[in-house]
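Everything quoted here is computed from the prediction, not taken from an experiment. What you see below is based on every heavy atom in this structure, not just the backbone, and it leaves out hydrogens, waters and symmetry mates. Residue numbers begin at 1 in each chain, while the letters A, B, ... track the order of the sequences.
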2 protein chains.
Amino acid sequence: MHPKDGNNDKRRRASRRRAPEATRLALVEATVDLVRASGVHGTTVDQICTAAGATKGAFFHYFRSKEDILEAAILHWCRERAEGYGRDLGEETDDPLVRLDRMLDGLAASVRVPGEKTACLLGMVAQELAGSNHRVRAVCEQMLDGWTDLVAGLLAEAKRRHSPGTDFNPHEVAWMLNSLWQGSLLAAKTRQDPELVASNLVHARAYVSGLFGVDSPKQNSRKSREVSSTPGLLRHYLENH
Amino acid sequence: MHPKDGNNDKRRRASRRRAPEATRLALVEATVDLVRASGVHGTTVDQICTAAGATKGAFFHYFRSKEDILEAAILHWCRERAEGYGRDLGEETDDPLVRLDRMLDGLAASVRVPGEKTACLLGMVAQELAGSNHRVRAVCEQMLDGWTDLVAGLLAEAKRRHSPGTDFNPHEVAWMLNSLWQGSLLAAKTRQDPELVASNLVHARAYVSGLFGVDSPKQNSRKSREVSSTPGLLRHYLENH
DNA sequence: CAGAGCATACCAACCAGTTTGTATGCACCC
DNA sequence: GGGTGCATACAAACTGGTTGGTATGCTCTG
């Protein structure tokens with residue numbers, strides 16, 4: 001039963017041969033995709049291997065356990081998203097409210113990508129494991145903290161620049177936005193309606209605008225779906241100031 | 001190896017003997033608890049049986065599959081919660097904004113119950129299965145719709161009674177509140193900080209208040225934790241009107 | 001005494017992780 | 001520059017425990 005006298009190896013493992021970094025990356029990215037679609041327990045190591053065009057041997061060569069690759073997948077996912085935010089935010093010298101606005105635009109746009117599923121790896125893993133796996137929970141918490149700190153920083157700077165009519169705690173508001181974002185993805189997935197995310201983000205914007213003292217312009221609920229095409233409320237505020 | 005010549009049956013099956021309804025209920029309630037703690041795939045049928053003080057025979061006598069009891073658990077959970085809302089809301093003749101306010105109070109209080117874990121069965125099941133199990137997804141959607149319709153109804157009536165300065169779509173706002181609630185539970189669980197839910201609800205209230213034209217009173221972020229003890233913003237609005 | 005309400009033993013599929021073996025490239029010496 | 005030694009990078013069969021589900025029979029009740 002030796003390796004089939006190996007003249008023709010039927011499936012050519014994704015046209016990749018001895019490419020350490022590529023294999024590892026393929027495994028991690030497959031994990032991200034599969035877990036986002038089916039959850040942690042709903043994804044098997046074998047599925048990951050098949051999707052990555054690798055074998056169990058390769059898998060356990062790079063990762064000591066399923067939990068390990070999960071952690072790697074979370075880090076990979078967050079690093080990727082962070083890069084996206086970096087692009088969305090634009091110049092650091094820009095007004096923090098404009099930057100936040102662009103970030104929300106980016107988020108709204110991210111659920112509109114055609115083939116893309118509306119699910120955040122972080123939220124899914126946290127929901128499934130936070131109650132039972134302390135280590136994974138801690139990793140998720142750290143990642144959520146990262147996003148919140150970023151937004152809280154923007155809000156804090158905005159508070160300094162413009163002196164808002166209402167006092168507020170930037171961290172609290174940032175956590176509220178983060179929670180809303182996660183909940184929106186959950187609800188949108190359940191309803192199979194990505195537009196729900198956009199709609200919720202409109203209200204999030206309106207709330208932040210309200211904090212900075214601008215009257216929310218009359219919301220036209222028919223048009224509210226076209227978020228990313230309209231100038232954000234925050235931008236609107238700044239332009240008339 | 002017959003049933004131990006059964007003179008003394010070591011564990012007396014939860015001091016319950018041939019009580020059909022009680023057995024069924026125990027199984028369902030055990031499912032609710034376990035799934036809320038460990039998720040769907042993280043909970044085994046055996047665990048449910050043990051927790052309910054029943055055996056597999058009993059389990060499959062009442063439910064054809066794990067999926068079936070999950071559905072029963074969701075319905076049970078939602079019916080229970082709905083009763084809670086009924087109590088919280090109070091008289092139907094009351095002002096809808098006051099009723100909404102009391103509902104938010106109830107939600108904030110529900111995560112403060114000492115031994116209680118911060119997790120919504122609905123949110124957990126939806127997050128884990130919405131992407132892979134269409135039937136369960138549909139059930140979750142229906143339940144979420146129920147809550148949203150309730151809140152949207154309150155908001156719509158509030159719009160009729162008081163004519164708010166800002167126009168808004170009650171359903172959109174209700175979905176936003178629902179999403180925020182789900183996301184808050186997710187974030188609070190991940191951070192192991194139930195107070196995050198209360199904090200987020202404060203901002204939710206403030207947003208709704210804002211819609212009805214009242215200036216949010218200066219938020220004191222140190223004190224914002226004591227939500228349920230302070231008269232809600234909506235009530236505050238109505239008292240000065 | 002019939003049938004609802006269980007209890008117990010059992011099973012087949014599944015799944016994370018292991019073992020064992022092989023192919024490939026690189027370093028180093030001759 | 002070609003052979004030798006060895007580490008990395010896989011491949012694939014296997015294992016042992018787990019899990020949802022079943023088969024069968026006992027037992028209490030109406």
Side-chain angles (χ1 to χ4, degrees), chain A residues 1-28 30-31 34-35 38-71 129 132-133 136, chain B residues 1-27 30-31 34-35 38-71 73 129 132-133 136:
Chain A
M1 291 310 144
H2 294 134
K4 273 288 177 55
D5 296 324
N7 55 356
N8 70 334
D9 44 353
K10 30 194 174 177
R11 91 225 93 140
R12 159 96 331 147
R13 299 244 155 270
S15 78
R16 170 169 30 84
R17 215 167 170 82
R18 303 237 128 211
E21 282 316 300
T23 301
R24 213 196 104 101
L25 186 65
L27 284 166
V28 168
T31 304
L34 287 168
V35 171
S38 314
V40 180
H41 291 295
T43 300
T44 70
V45 172
D46 283 317
Q47 282 174 348
I48 296 171
C49 293
T50 303
T55 60
K56 275 249 187 71
F59 184 98
F60 285 100
H61 174 70
Y62 290 106
F63 305 97
R64 271 186 311 180
S65 66
K66 193 185 176 187
E67 194 178 319
D68 267 21
I69 203 180
L70 186 63
E71 213 173 305
L129 297 183
S132 52
N133 186 322
V136 172
Chain B
M1 295 311 140
H2 296 134
K4 272 286 175 59
D5 295 324
N7 56 355
N8 71 333
D9 43 353
K10 32 196 172 176
R11 87 227 98 137
R12 158 90 339 141
R13 301 244 153 270
S15 77
R16 170 169 32 79
R17 212 157 169 86
R18 304 231 135 211
E21 281 315 301
T23 302
R24 213 195 105 100
L25 187 65
L27 284 167
T31 305
L34 287 167
V35 171
S38 315
V40 180
H41 291 291
T43 300
T44 71
V45 172
D46 282 320
Q47 283 174 351
I48 295 172
C49 293
T50 304
T55 60
K56 274 205 152 144
F59 184 99
F60 284 100
H61 175 70
Y62 290 106
F63 305 97
R64 272 185 312 182
S65 66
K66 192 184 176 186
E67 194 179 317
D68 268 20
I69 202 179
L70 185 63
E71 214 173 304
L129 296 182
S132 53
N133 186 322
V136 173

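In this structure, the side chains of A:Thr43 and A:Ser38 come closer than 4.5 Å at one or more pairs of heavy atoms. Counting heavy atoms from C-beta outward, A:Lys66 and A:Thr44 have side chains that stay 4.5 Å or more apart. Between A:Val40 and A:Leu129 there is a side-chain heavy-atom pair separated by less than 4.5 Å.
Rounded to whole Å, atom P of D:dT19 lies 12 Å from atom CD1 of B:Ile48. When rounded to the nearest whole Å, the span between CG of B:Leu70 and P of D:dG20 equals 12 Å. Taking atom CZ of A:Phe63 as the reference point, atom P of C:dT18 lies 15 Å away to the nearest angstrom. Following rounding to the nearest Å, B:Asp46 (CG) and C:dC10 (P) show an atom-to-atom distance of 16 Å. Between the CD1 atom of A:Ile69 and the P atom of C:dG17 there is a distance of 11 Å, given to the nearest Å. If you measure from atom CZ of B:Phe59 to atom P of D:dG20, you get 8 Å, rounded to the nearest angstrom. Rounded to whole Å, atom P of D:dT19 lies 9 Å from atom NZ of B:Lys66.
Side-chain nitrogen and oxygen atoms of A:His61 include at least one within less than 4.0 Å of the OP1 or OP2 phosphate oxygen of D:dA9. At the phosphate of D:dA9, neither OP1 nor OP2 sits under 4.0 Å from any side-chain N or O atom of A:Thr23. Not one side-chain nitrogen or oxygen of B:Tyr62 sits closer than 4.0 Å to the OP1 or OP2 atom of C:dA4.
Distance from the side chain of A:Phe60 is smallest to C:dA16 among C:dA16, C:dC6, D:dC10. Nearest nucleotide to the side chain of B:Thr55, out of D:dG20, C:dA7, D:dA11: C:dA7.
Screening residues 50-60 of chain B for salt bridge (charged side-chain N to carboxylate O under 4.0 Å, His left out) gives B:Asp46-B:Lys56 as the qualifying pairs, with residues at least two apart or on separate chains.
Residues forming a salt bridge (Lys or Arg N to Asp or Glu O under 4.0 Å) with A:Asp68 (at least two apart in sequence, or on another chain): A:Arg64, A:Arg135.
Side-chain atoms of A:Lys56 and base atoms of C:dG17 include a donor and an acceptor less than 3.5 Å apart.
Where A:His41 and A:Gly57 meet DNA chain C, the nucleotide closest to each residue was compared, and A:His41 sits on the side nearer the 5' end.
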